[in-house]
Participant: 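Attaching a single structure in structure tokens format; questions to follow.
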Amino acid sequence: MAHIDITDKIGFALLKKGVIDYETLEKSLKVKESEDKKNRRNLGQILVNDFGADHDAVFREVADLYAFREIYLADENLDKTKIDFIRRFVDGLPQNMREMLLQTKMLPLKFDEKQPDKLIIVAADPTDRRIPLIARNFGGKKYEVAYCRLKELQGLLDQVMPPENEFLKLLEDQGGIQVKVDDEESAVDEEELELEISKSALVNLVEGALVEAVRQGASDIHVIAKEGNRTEFWFRIDGALKLWHVQEKTMPEAVAAVVKDRSKNVDRFEREMSQDGFIQRVIDDHHIRFRVSIIPIVGIELRHKYESIVIRVLDDRKVITDLNKLGLQGPAREFFYRAIARPQGIVILTGPTGCGKSTTLVAALHQVIDPSVNVLTVEDPVEYIIRGARQLRIGPKMNFDQALRGILRHDPDIVLVGEMRDKASAEIAIKLANTGHLTFSTLHTNDAPSAVSRLYKMGIEPFLIAYAINIIVAQRLIRTLCPSCKRPIPKDELDRDACLKFGFVEEDLETHTIYEAAGCDKCNGGYKGRAAIHEALFFSREVRGIIMKSGDDVDEEEIRVQATKDGMWTLRRSGIERIKEGQTTIEEIASATTDE
């Protein structure tokens, strides 16, 4: 066993805070002892690079120990003038120094207000030995290195030095793509198609789209075949589709063929049925997975076999593991924590496709995952890898229903059932909840009370619904206003009657500012980013009683009234709180919620 030096304050501070465990600390110290003294890394660098410890949690302690001050970029009001100031320093560096600066994750930020000749440099690892080498090239007499969180700094680096998309650059160098098309062709000739595809160029286009989608934060890429030998590439950013590229004078089958060639589990020559596959890439040093869905579509030109392709971007960096960051508002937060703290019962998330149900469930799972419990998940398909859980692989020899039956015999403590899609899967989830397991699942309904009706109509007995469920949470994702351009609506211009009908009270209109979207070069039509609103139906004794008394039908309205008495905020009420906080607009909440 390696001797742990009690003077190593960083290691013990991180151990005490639960950032690392004792075994990791031991192993990292062994690595440190084995390294050459001249090039020896400090413990923080070893923990982050060799053992995958959280970068910011580690280097905040390192910065604290070595007395580096921390700078929050959110407080710096980084407008165009300040970005240009930083860019001038970076552009003046030799190429090798610019590359080193990117690797080191550091930037010159500003001159010190008290000492105008002292340059403030921000770095994600202020102890990096390369910082003085780069700093000398800035030409200043004095400089100070401050610590900045990696996530904040990476965002600024991407603004100052946008990463080059090497595939799109190759496309430009080749002068775009020109594919000859015979308009008289009566059917797709595979040999001719192979000959006509400027394959390297199309490959660069498809690969460039994957890279650009990740960098722009898109959730999906839509590749849509159009008449006239056109193919459109659209990105879904913050919930809205945005045209990224139009490929002209190229047979749509050629573009589709290249996407299929890049995907696993997809037959390039199959154009009559839907297909599902996946792609894996390392983009900007991160492992990214893409889920590919292909369906045949009808076009005017019958000689073509058109297909629509949607590629879902699965970026594990977007996974929220801290339940506090989900933004649960008001009573929803307390209800949710109480529900997942119970040793058994079902927690159900409901809402339309793309409303963030999976994100919330994964965050909840991280809250309860522990090495002492067996956590099993059954999802089709698996979207995100969850550390500490055993995720069943659905395939040709084991379908969703077989997997569900298998977990009953696999001694689980906590189970995630991706979706209760029919009576069989709902019954297994109910059985798990009633036999002492904490179960998480999803349903597709408009709000929380209607999820009870859905289960009842599936054929689940009312007493099983009443006593198996802990909570049902309905969720929506709404676009949030761009902080740079959001515009307050003057109180004398507000339509007060419309606001009161919407759900505001007079006091809200007097004491809060309501904003509208404006639009600038930093956002998408006045919106930037998204946030969730929730409706949390906690199963109190009274709610269970109403469900137990159900006759031929479940009275959703009675459940809603009782839940509101118990403290539940409806989706509309949750949305109004977001408006009062200045995060979104009345129009956005109106489109995401119904008028209860």
Side-chain angles (χ1 to χ4, degrees), residues 1-2 4 8 10-32 43-44 46-61 287 289 314 316-326 336-347 349 358-379 382-394 398 403-418 428-429 431-442 470-471:
M1 181 185 285
I4 296 179
D8 196 323
I10 294 170
F12 279 94
L14 294 170
L15 187 67
K16 190 176 177 183
K17 291 183 178 180
V19 176
I20 57 170
D21 55 28
Y22 192 84
E23 185 184 358
T24 303
L25 180 55
E26 270 199 312
K27 287 179 181 175
S28 61
L29 285 166
K30 278 184 181 177
V31 171
K32 186 179 176 185
L43 190 65
I46 293 167
L47 285 168
V48 170
N49 296 324
D50 296 10
F51 296 94
D54 182 89
H55 184 286
D56 290 326
V58 169
F59 281 104
R60 183 170 274 125
E61 289 299 324
H287 190 85
R289 290 176 303 126
L314 301 172
D316 287 325
R317 290 171 296 178
K318 292 182 178 178
V319 174
I320 297 172
T321 57
D322 183 354
L323 205 51
N324 292 320
K325 292 179 181 173
L326 279 178
F336 200 70
Y337 273 93
R338 276 168 61 189
I340 66 173
R342 290 183 174 178
Q344 64 187 61
I346 302 182
V347 173
L349 265 291
S358 297
T359 302
T360 301
L361 283 185
V362 170
L365 264 186
H366 276 95
Q367 192 75 16
V368 295
I369 282 177
D370 182 275
S372 65
V373 292
N374 178 16
V375 180
L376 296 174
T377 79
V378 185
E379 306 155 86
V382 172
E383 290 201 341
Y384 296 108
I385 305 302
I386 304 167
R387 294 186 187 278
R390 302 175 211 177
Q391 294 175 271
L392 277 68
R393 186 194 296 271
I394 306 296
M398 183 174 71
L404 275 175
R405 284 192 286 274
I407 61 172
L408 291 168
R409 301 184 293 275
H410 211 72
D411 186 31
D413 295 294
I414 298 167
V415 179
L416 168 63
V417 178
I428 291 175
K431 185 175 181 181
L432 283 162
N434 282 331
T435 52
H437 305 94
L438 182 60
T439 308
F440 296 87
S441 193
T442 68
N470 293 353
I471 194 170

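This structure is a prediction, so every number in the text was calculated from the model and none was measured.
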Participant: Taking the side chain as everything from C-beta on, heavy atoms only, tell me whether His287 gets closer than 4.5 Å to Asp316.
Facilitator: no
Participant: Find out whether Phe440 and Ile414 are in side-chain contact, i.e. whether some heavy atom of one side chain is under 4.5 Å from a heavy atom of the other.
Facilitator: yes
Participant: Which heavy-atom pair separates Gly388 from Val375 by the least distance, and what is that distance?
Facilitator: O-CB, 4.1 Å
Participant: Is there a side-chain contact between Arg338 and Asn470, using heavy atoms and a 4.5 Å cut-off?
Facilitator: no
Participant: Is Asn374 reaching over with its side chain to a backbone N or O of Asp413, donor-acceptor style, under 3.5 angstrom?
Facilitator: no
Participant: To the closest 0.5 Å, what do you measure between OG1 (Thr435) and CG (Leu432)?
Facilitator: 5.5 Å
Participant: What's the shortest heavy-atom distance between Tyr337 and Gln367, and which atoms?
Facilitator: CE2-NE2, 3.6 Å
Participant: What are the two closest heavy atoms between Phe336 and Thr360, and how far apart are they?
Facilitator: CZ-CG2, 4.2 Å
Participant: For Arg387, I'd like to know if atom CZ has over 12 heavy atoms of other residues, nucleotides or ligands within 6.0 Å.
Facilitator: no
Participant: In Å and rounded to the nearest 0.5 Å, what is the CG to NZ distance from Leu404 to Lys431?
Facilitator: 11.5 Å
Participant: Can you name the nearest heavy-atom pair linking Leu14 to Ala57, along with the distance?
Facilitator: CD2-O, 3.6 Å
Participant: Is the closest basic N to carboxylate O distance between Glu26 and Lys30 below 4.0 Å?
Facilitator: no
Participant: Could you tell me which non-hydrogen atom of Val417 sits nearest to which non-hydrogen atom of Ser441, and how far apart they are?
Facilitator: O-OG, 2.8 Å
Participant: Using side chain to side chain contact (heavy atoms under 4.5 Å, CB included) as the criterion, point out the one residue from Asp21, Thr24, Ile20 that pairs with Phe51.
Facilitator: Thr24
Participant: Okay, side chain of Glu61, backbone of Phe12: is any donor-acceptor separation there less than 3.5 Å?
Facilitator: no
Participant: Report yes or no: does Thr442 contribute a side-chain atom to a donor-acceptor pair with the main-chain N or O of Gly418 at less than 3.5 Å?
Facilitator: yes
Participant: Do Leu43 and Leu25 come close enough that some side-chain heavy atom pair is under 4.5 Å?
Facilitator: yes
Participant: Just wondering, do Thr377 and Leu365 contact through their side chains at under 4.5 Å, heavy atoms?
Facilitator: yes
Participant: Does a side-chain heavy-atom distance below 4.5 Å link His410 with Leu392?
Facilitator: no
Participant: For the atom pair CG (Leu438) and CZ (Arg342), what is the distance rounded to the nearest 0.5 Å?
Facilitator: 10.5 Å
Participant: Atom CG of Leu47 and atom OG of Ser28: how far apart are they, to the nearest 0.5 Å?
Facilitator: 4.0 Å
Participant: Distance from Asp50 atom CG to Lys32 atom NZ, nearest 0.5 Å?
Facilitator: 13.0 Å
Participant: With rounding to the nearest 0.5 Å, note down the distance linking CG in Leu15 to OH in Tyr22.
Facilitator: 8.0 Å
